[in-house]
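See below for the structure under consideration.
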Amino acid sequence: MSTIIDRPRYLCSLGGAISTLSALPGVISIIHAAAGCGSNLANAHNGAAGYAGSGYCSGLALPSTNVYENEIIFGGEERLKEQIEKTLEVVEGELYFVLTGCMVEMIGDDVRSVASHFKTRGDPVYAINTGGFKGNSFRGYDLVLQALFRDYVEKHGEKDEKLVNLWGVVPVQDVFWKGNLKVLKGLVSKLGYRVNTFFGEGETLSDLKDSSRAVLNIVVSDTFGIEAAKVFEEVHNVPYINVPFPIGDYGTGFFMNEVGRALGIDEAFTDIVIKAEKKRYYGYIERLADIYSDIDLQRYAVVVGDSNYAQALSRYLSDDIGWLPELVIITDDNLSAADRTLILTRFENYASGIKPKVIFNTHTSGVLKEVNYHCTPGNGERYYNSFSPAFILGSSFERDAADRISAGHLSVTYPVCNRVVLDRAYAGYDGALRLTEDIFGVLVASR
């Protein structure tokens, strides 16, 4: 029997699918699930993601079948047909996606058949099986991408040699997704390419529909969106690469070089772009030298986050600002052995020589125990190396742990309940500058 996850750091696959579709312009989700699913997920979507808000026809305004005992016993397909009819009549949208909850998955409602009934008469209605037991937010994100790439993206024989697609930054689950996509798009644009991010600022459904014209898909993750990339390659014959999510100098330089190589860009040109970005980046970072030295702002660090953020934050802390990220806790709950092996390689060969202790633990109480065990001062010994001064980069859940060890704290990974986030980004060089401001702002706030 599966264990119960203590204070999970993500939604179920239905929640991930809703969040993903809500980030697409003109797309309406229709929930086919038990009463209460939609409102619970809406609260988690909004309040735990930097107060992301609900947007057009989302949040508590989502259409839902709200199935009860009658549908559970006799089936809910007729109720779903009724809900789709009313949604098409009342809610203006370009695409409509039926998403399923656990109950209707267990009773076997054929939502794809119901959706196809509407498609045959010309209504843009699609269906995805997203029962919550299928996985977490990341799984819901991948299921949505797979469905879009199979059923919505048009097949084009001709390729646009200057067009690429980029994904792997999960809307809402990455609280800073909007700003991060903008930064990553800007970086690839500097290499001379146009970029579809699907969910970013200014994107349209036309961009998504014509995305098979791209010559490369860039997945900015070791784990999220990989299955969707395989579907895209199979259906539309567009190859993909996956590159770790980049924050700061090392990660962004690696990202740019990998993308450049995959696109066949002259290495000398990529180097020119990277050097220009680094010069600007360190031009700002060096301004911290005086205050950093004067009041000794170096810290031991604990990083708590998903596999995208954990590796990027740790490398940035060590090699960009000279901190000591001794403990890293990765909170993904669905990683395969191969995934874990790949992720662990991202913590090797730090320029600083640091080798963080990396632990995989999803449970919030387990994370707290790991922090307390690693950071307990002395353990009764007379002489010891104190884990102080310290700083924790994680979620809002880690505030208590930070208080217990008298450490600074910044919420950067889901859930983020103690910050309001609009277009802030932490990816790339620009994002690392914002992150540096936020971290050191915490340290000097009480002066």
Side-chain angles (χ1 to χ4, degrees), residues 5-11 16 44 48-50 136-138 141 168-177 179-180 220-225 244-248 250-251 299-318 320-321 323 325-335 339-340 342-344 346-347 354 356-371 374 390-402 407-419 421 424-428 431-432 434-436 438-439 442:
I5 302 232
D6 169 32
R7 284 172 286 173
R9 297 163 186 270
Y10 35 71
L11 306 176
N136 57 25
S137 300
F138 308 118
Y141 169 74
V169 177
V170 183
V172 177
Q173 184 66 40
D174 180 344
V175 179
F176 308 93
W177 59 275
N180 285 338
V220 194
S221 175
D222 286 324
T223 52
F224 315 142
F245 181 74
I247 297 175
Y250 175 88
R299 294 290 187 270
Y300 291 97
V302 176
V303 175
V304 183
D306 60 51
S307 54
N308 262 16
Y309 268 92
Q311 56 82 26
L313 289 168
S314 301
R315 179 79 66 168
Y316 153 81
L317 291 174
S318 171
D320 283 29
I321 62 172
W323 281 17
E326 291 202 353
L327 177 64
V328 178
I329 304 173
I330 298 175
T331 56
D332 302 19
D333 76 328
N334 60 344
L335 298 173
D339 288 336
R340 293 190 178 201
L342 174 58
I343 290 164
L344 288 174
R346 305 304 186 190
F347 296 89
I354 294 285
K357 180 180 181 181
V358 182
I359 295 168
F360 295 88
N361 197 322
T362 297
H363 302 274
T364 297
S365 58
V367 169
L368 180 59
K369 287 177 183 176
E370 296 286 359
V371 173
H374 192 83
F391 199 98
I392 298 180
L393 281 165
S395 72
S396 294
F397 288 154
E398 278 66 66
R399 282 187 296 179
D400 289 343
H409 170 260
L410 182 67
S411 297
V412 296
T413 58
Y414 189 95
V416 174
C417 308
N418 61 335
R419 300 179 64 186
V421 178
R424 201 158 199 78
Y426 286 153
R434 303 292 80 74
L435 180 58
T436 305
D438 290 346
I439 290 173
V442 170

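- Although no hydrogens or angles enter the test, the distance criterion places no donor-acceptor pair under 3.5 Å between the side chain of Asp332 and the main chain of Asn334.
- Ring centroids of Trp323 and Tyr300 are separated by 6.0 Å or more, keeping the two rings apart.
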Q: Start with the C-alpha distance between Leu368 and Phe397, add both sets of side-chain angles, then the distance that settles side-chain contact (heavy atoms from CB on, under 4.5 Å), and finish with yes or no.
A: CA-CA 9 Å; Leu368 180 59; Phe397 288 154; over 6 Å; no
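- For Ser314 (side chain) and Ala310 (main-chain N/O), a donor-acceptor pair under 3.5 Å exists by modelled atom type.
- With hydrogens and angles disregarded, a donor-acceptor distance shorter than 3.5 Å links the side chain of Glu398 to the backbone of Ser395.
- Residues forming a ring-ring contact (aromatic ring centres under 6.0 Å, His included) with Phe245 (at least two apart in sequence, or on another chain): Tyr309.
- Taking the charged nitrogens against the carboxylate oxygens, Asp320 and Arg315 have no contact shorter than 4.0 Å, which rules out a salt bridge.
- With sequence neighbours left out, the side chain to side chain donor-acceptor pair (under 3.5 Å) criterion links Thr223 to Ser307.
- A side-chain donor-acceptor contact under 3.5 Å links Ser137 to the backbone of Leu11.
- Counting only heavy atoms from C-beta outward, the side chains of Val367 and Arg9 approach each other to under 4.5 Å.
- Partners of Tyr426 according to the ring-ring contact (aromatic ring centres under 6.0 Å, His included) rule, which considers only residues two or more places apart in sequence or in another chain, are Phe176.
- We find the OG-CD distance between Ser221 and Gln311 to be 8.5 Å, quoted to the nearest 0.5 Å.
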